[in-house]
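As the structure is a computational prediction, the values presented were derived from the model and not from experiment.
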Amino acid sequence: MNADPVAWVMIEHGWSVFDRDGGELGKIAEVVGDSESDIFNGLMVSHGLLSRDTYVPSERVASIFEGRVELDLDAAAVDALEDEPPSSG
(Lines give C-alpha, C1' and ligand atoms only; values in the text may rest on other atoms or scores of the structure.)
Protein backbone atom coordinates (compact mmCIF):
# COMPACT_ATOMS: atom_id res chain seq x y z
CA MET A 1 0.00 0.00 0.00
CA ASN A 2 1.39 3.39 -0.98
CA ALA A 3 -0.76 5.60 1.26
CA ASP A 4 0.40 6.96 4.60
CA PRO A 5 -1.40 5.83 7.76
CA VAL A 6 -3.84 8.29 9.33
CA ALA A 7 -5.07 8.81 12.90
CA TRP A 8 -8.26 7.19 14.18
CA VAL A 9 -10.01 10.56 14.38
CA MET A 10 -9.86 10.72 10.56
CA ILE A 11 -12.03 7.57 10.13
CA GLU A 12 -15.31 8.36 8.41
CA HIS A 13 -18.63 6.60 7.98
CA GLY A 14 -18.53 4.39 4.89
CA TRP A 15 -14.81 3.62 4.85
CA SER A 16 -14.04 0.00 3.95
CA VAL A 17 -12.97 -2.49 6.63
CA PHE A 18 -10.70 -5.43 5.78
CA ASP A 19 -9.65 -8.55 7.69
CA ARG A 20 -5.99 -9.51 8.11
CA ASP A 21 -6.14 -11.59 4.93
CA GLY A 22 -7.30 -8.64 2.83
CA GLY A 23 -10.96 -9.66 2.57
CA GLU A 24 -13.46 -6.82 2.76
CA LEU A 25 -15.71 -7.24 5.80
CA GLY A 26 -17.97 -4.22 5.46
CA LYS A 27 -18.09 -0.49 5.98
CA ILE A 28 -17.63 1.82 8.96
CA ALA A 29 -21.04 2.52 10.52
CA GLU A 30 -19.74 4.40 13.56
CA VAL A 31 -16.51 5.32 15.32
CA VAL A 32 -16.72 4.74 19.08
CA GLY A 33 -14.51 7.06 21.08
CA ASP A 34 -13.95 10.54 22.43
CA SER A 35 -11.96 12.72 20.05
CA GLU A 36 -11.70 15.51 22.65
CA SER A 37 -9.82 13.18 25.01
CA ASP A 38 -8.18 11.17 22.18
CA ILE A 39 -9.72 7.93 23.42
CA PHE A 40 -10.41 5.41 20.65
CA ASN A 41 -12.66 2.60 21.88
CA GLY A 42 -13.49 0.85 18.63
CA LEU A 43 -15.62 0.70 15.51
CA MET A 44 -19.07 -0.43 14.50
CA VAL A 45 -18.83 -2.26 11.17
CA SER A 46 -21.85 -2.64 8.91
CA HIS A 47 -22.02 -5.84 6.87
CA GLY A 48 -25.03 -4.83 4.78
CA LEU A 49 -28.68 -3.89 5.10
CA LEU A 50 -29.97 -7.20 6.44
CA SER A 51 -27.18 -8.04 8.87
CA ARG A 52 -26.29 -6.68 12.29
CA ASP A 53 -23.38 -4.34 12.81
CA THR A 54 -20.33 -5.73 14.60
CA TYR A 55 -18.33 -3.94 17.29
CA VAL A 56 -14.56 -4.16 16.76
CA PRO A 57 -12.44 -3.06 19.77
CA SER A 58 -9.71 -0.54 18.96
CA GLU A 59 -6.95 -2.98 19.90
CA ARG A 60 -7.98 -5.17 16.92
CA VAL A 61 -7.34 -2.32 14.43
CA ALA A 62 -3.99 -3.00 12.79
CA SER A 63 -3.76 0.03 10.49
CA ILE A 64 -5.77 2.96 9.22
CA PHE A 65 -5.36 4.53 5.79
CA GLU A 66 -7.60 7.09 4.15
CA GLY A 67 -10.73 5.20 3.13
CA ARG A 68 -9.52 1.87 4.57
CA VAL A 69 -9.29 0.25 8.01
CA GLU A 70 -7.38 -3.03 8.40
CA LEU A 71 -7.93 -5.41 11.31
CA ASP A 72 -5.58 -7.98 12.83
CA LEU A 73 -8.38 -10.59 12.81
CA ASP A 74 -9.48 -13.08 10.19
CA ALA A 75 -13.10 -13.20 9.01
CA ALA A 76 -14.05 -16.04 11.41
CA ALA A 77 -12.73 -14.10 14.41
CA VAL A 78 -14.68 -11.02 13.34
CA ASP A 79 -17.85 -13.14 13.11
CA ALA A 80 -17.31 -14.14 16.75
CA LEU A 81 -17.22 -10.52 17.98
CA GLU A 82 -20.09 -8.86 19.86
CA ASP A 83 -22.80 -6.79 18.19
CA GLU A 84 -22.57 -3.92 20.67
CA PRO A 85 -19.74 -2.05 22.39
CA PRO A 86 -19.35 -2.87 26.09
CA SER A 87 -21.34 -0.56 28.33
CA SER A 88 -19.33 2.05 30.20
CA GLY A 89 -21.38 1.70 33.37
If you measure from the Lys or Arg side-chain nitrogens to the Asp or Glu carboxylate oxygens, is any gap between R68 and E66 under 4.0 Å? no
As an exercise, state the distance from OG of S46 to NE2 of H13, rounded to the nearest 0.5 Å. 7.0 Å
Taking side-chain contact (heavy atoms from CB on, under 4.5 Å) as the definition, give me every residue that meets it alongside D21, ordered by chain and number, with sequence neighbours left out. D19, D74
With sequence neighbours left out, what residues match D83 under salt bridge (Lys or Arg N to Asp or Glu O under 4.0 Å)? R52
Kindly write out the residues that satisfy salt bridge (Lys or Arg N to Asp or Glu O under 4.0 Å) with D72, not counting sequence neighbours, or none if the list is empty. R60
Minimum heavy-atom separation for [X] and [Y], please, with both atom names.
X	Y	answer
S63	E70	OG-OE1, 2.6 Å
E84	Y55	C-CB, 3.7 Å
K27	G14	CD-O, 3.3 Å

Does CD in E82 sit with more than 12 non-hydrogen atoms of other residues, nucleotides or ligands closer than 6.0 Å? no
For the CD atom on E59, are there more than 12 heavy atoms of other groups (residues, nucleotides or ligands in this structure) within a distance under 6.0 Å? yes
For H47, which residues count as a side-chain hydrogen bond (donor to acceptor under 3.5 Å, both in side chains) partner, sequence neighbours excluded? T54
Linking directly or through intermediates, with side-chain heavy atoms under 4.5 Å: list the remaining ILVMFWY members grouped with F40, chain and number order. V6, W8, V9, M10, I11, W15, V17, L25, I28, V31, L43, V45, V56, V61, I64, V69, L71, L73, V78, L81
Residues at least two apart in sequence or cross-chain that pass ring pair (Phe, Tyr, Trp, His ring centres under 6.0 Å) with F18, listed by chain then number, are none
